[in-house]
Amino acid sequence: MAHETTLNGEGSESGANLNAVVFTALKPQIFVEAPKASDAVQFYKAAFGAEEVNRIMNSKRKADQELPLILSAELKLGSSLILVSDLTTDDSSAPVKAAVGGVFYLETEDVEAAVEKASKAGALTEGEITEGDFSGGRVGKVKDPYGNLWLISSPTKKAADVEA
């Protein structure tokens with residue numbers, strides 16, 4: 001349930017209350033071809049040091065089917081959470097099929113080591129590590145085995161640092 005607060009602590013002059021919805025988290029969801037979500041979870045652990053904090057399996061999966069599908073595995077990656085799910089062939093997942101393959105941005109002090117670790121885990125490097133890209137620091141790019149692009153960058157420079 002969303003939490004509502006009144007803007008500025010009071011209603012508007014017309015008597016209508018202006019309410020704001022406060023979100024507690026943003027959790028991007030990565031879909032992979034079923035039944036590869038378990039493999040993807042292991043990849044994200046090996047490549048990026050993700051920590052699995054929760055897993056929900058598909059309870060409707062038939063006993064005669066080989067592997068149970070993951071509805072969502074929640075991973076902690078740095079200070080963020082992401083969800084990894086199996087993309088099924090049923091009609092309910094049809095709208096997300098076009099959304100498979102995203103771009104994610106990771107910050108680290110050691111870009112070279114992070115790119116190397118991801119590469120050893122199975123990611124493909126995309127070009128050389130560059131200097132002064134959109135983040136103002138060093139940026140490496142890797143593509144995971146599931147079609148997602150990961151930009152691995154040194155921390156973004158603050159405007160005051162850039163202008164000096």
Side-chain angles (χ1 to χ4, degrees), residues 1-61 68-111 114 117-118 121 123 133-162:
M1 179 193 299
H3 174 71
E4 291 187 7
T5 43
T6 304
L7 294 177
N8 300 324
E10 53 190 285
S12 69
E13 298 218 358
S14 67
N17 283 335
L18 298 176
N19 293 320
V21 175
V22 177
F23 296 99
T24 59
L26 171 66
K27 299 178 184 178
Q29 189 167 15
I30 298 172
F31 287 94
V32 298
E33 181 183 330
K36 296 182 181 177
S38 284
D39 294 340
V41 167
Q42 292 309 312
F43 170 80
Y44 297 129
K45 287 178 179 182
F48 305 127
E51 172 191 344
E52 186 171 348
V53 295
N54 192 24
R55 183 179 288 213
I56 300 171
M57 303 302 290
N58 186 340
S59 61
K60 295 180 183 177
R61 190 76 170 160
L69 296 179
I70 295 177
L71 285 179
S72 72
E74 189 171 3
L75 304 179
K76 184 171 190 237
L77 184 52
S79 62
S80 299
L81 295 170
I82 60 172
L83 302 174
V84 178
S85 302
D86 279 309
L87 181 60
T88 63
T89 56
D90 66 9
D91 290 337
S92 67
S93 64
V96 298
K97 287 183 182 177
V100 173
V103 178
F104 298 91
Y105 181 85
L106 295 173
E107 284 187 353
T108 182
E109 292 292 338
D110 195 346
V111 174
K117 183 177 180 182
D133 208 345
F134 60 91
S135 69
R138 299 179 55 70
V139 178
K141 298 174 186 174
V142 297
K143 186 174 255 184
D144 71 25
Y146 311 98
N148 299 293
L149 183 64
W150 294 81
L151 304 176
I152 301 173
S153 172
S154 54
T156 304
K157 294 182 180 177
K158 294 180 175 54
D161 296 338
V162 174

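Reckoned from all heavy atoms, side chains included, excluding hydrogens, waters and symmetry mates.
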Would a 4.5 Å heavy-atom cut-off, applied to side chains only, mark [X] and [Y] as touching?
X	Y	value
Phe48	Ile82	no
Asn58	Ile70	no
Phe104	Asp144	no
Arg55	Met57	yes

Quiz item: Considering residues, nucleotides and ligands other than Glu52, do more than 12 of their heavy atoms fall under 6.0 Å from its CD?
Solution: yes
Quiz item: Just wondering, more than 12 heavy atoms not from Lys36 lying within 6.0 Å of its NZ?
Solution: no
Could you state the interatomic distance from [atom1] ([X]) to [atom2] ([Y]), rounded to the nearest 0.5 Å?
X	Y	atom1	atom2	result
Lys76	Asn54	NZ	CG	14.5 Å
Leu69	Leu87	CG	CG	10.0 Å
Phe31	Asn148	CZ	CG	11.5 Å
Ser153	Arg138	OG	CZ	10.0 Å

Looking only at non-hydrogen atoms, find the nearest pair between [X] and [Y] and report the distance.
X	Y	value
Val41	Ala73	CG2-CB, 3.6 Å
Leu71	Gln29	O-NE2, 4.0 Å
Ser154	Val111	N-CG2, 3.3 Å
Ser85	Ser72	OG-CA, 3.6 Å
Pro28	Leu81	CD-O, 3.4 Å
Asp86	Ala37	OD1-N, 2.9 Å

Quiz item: Could you walk me through whether Tyr146 and Val84 pass the side chain to side chain contact (heavy atoms under 4.5 Å, CB included) check?
Solution: CA-CA 11 Å; Tyr146 311 98; Val84 178; over 6 Å; no
Quiz item: Would Ile152 and Val139 satisfy side chain to side chain contact (heavy atoms under 4.5 Å, CB included), going step by step from the backbone distance to the final call?
Solution: CA-CA 6 Å; Ile152 301 173; Val139 178; over 6 Å; no
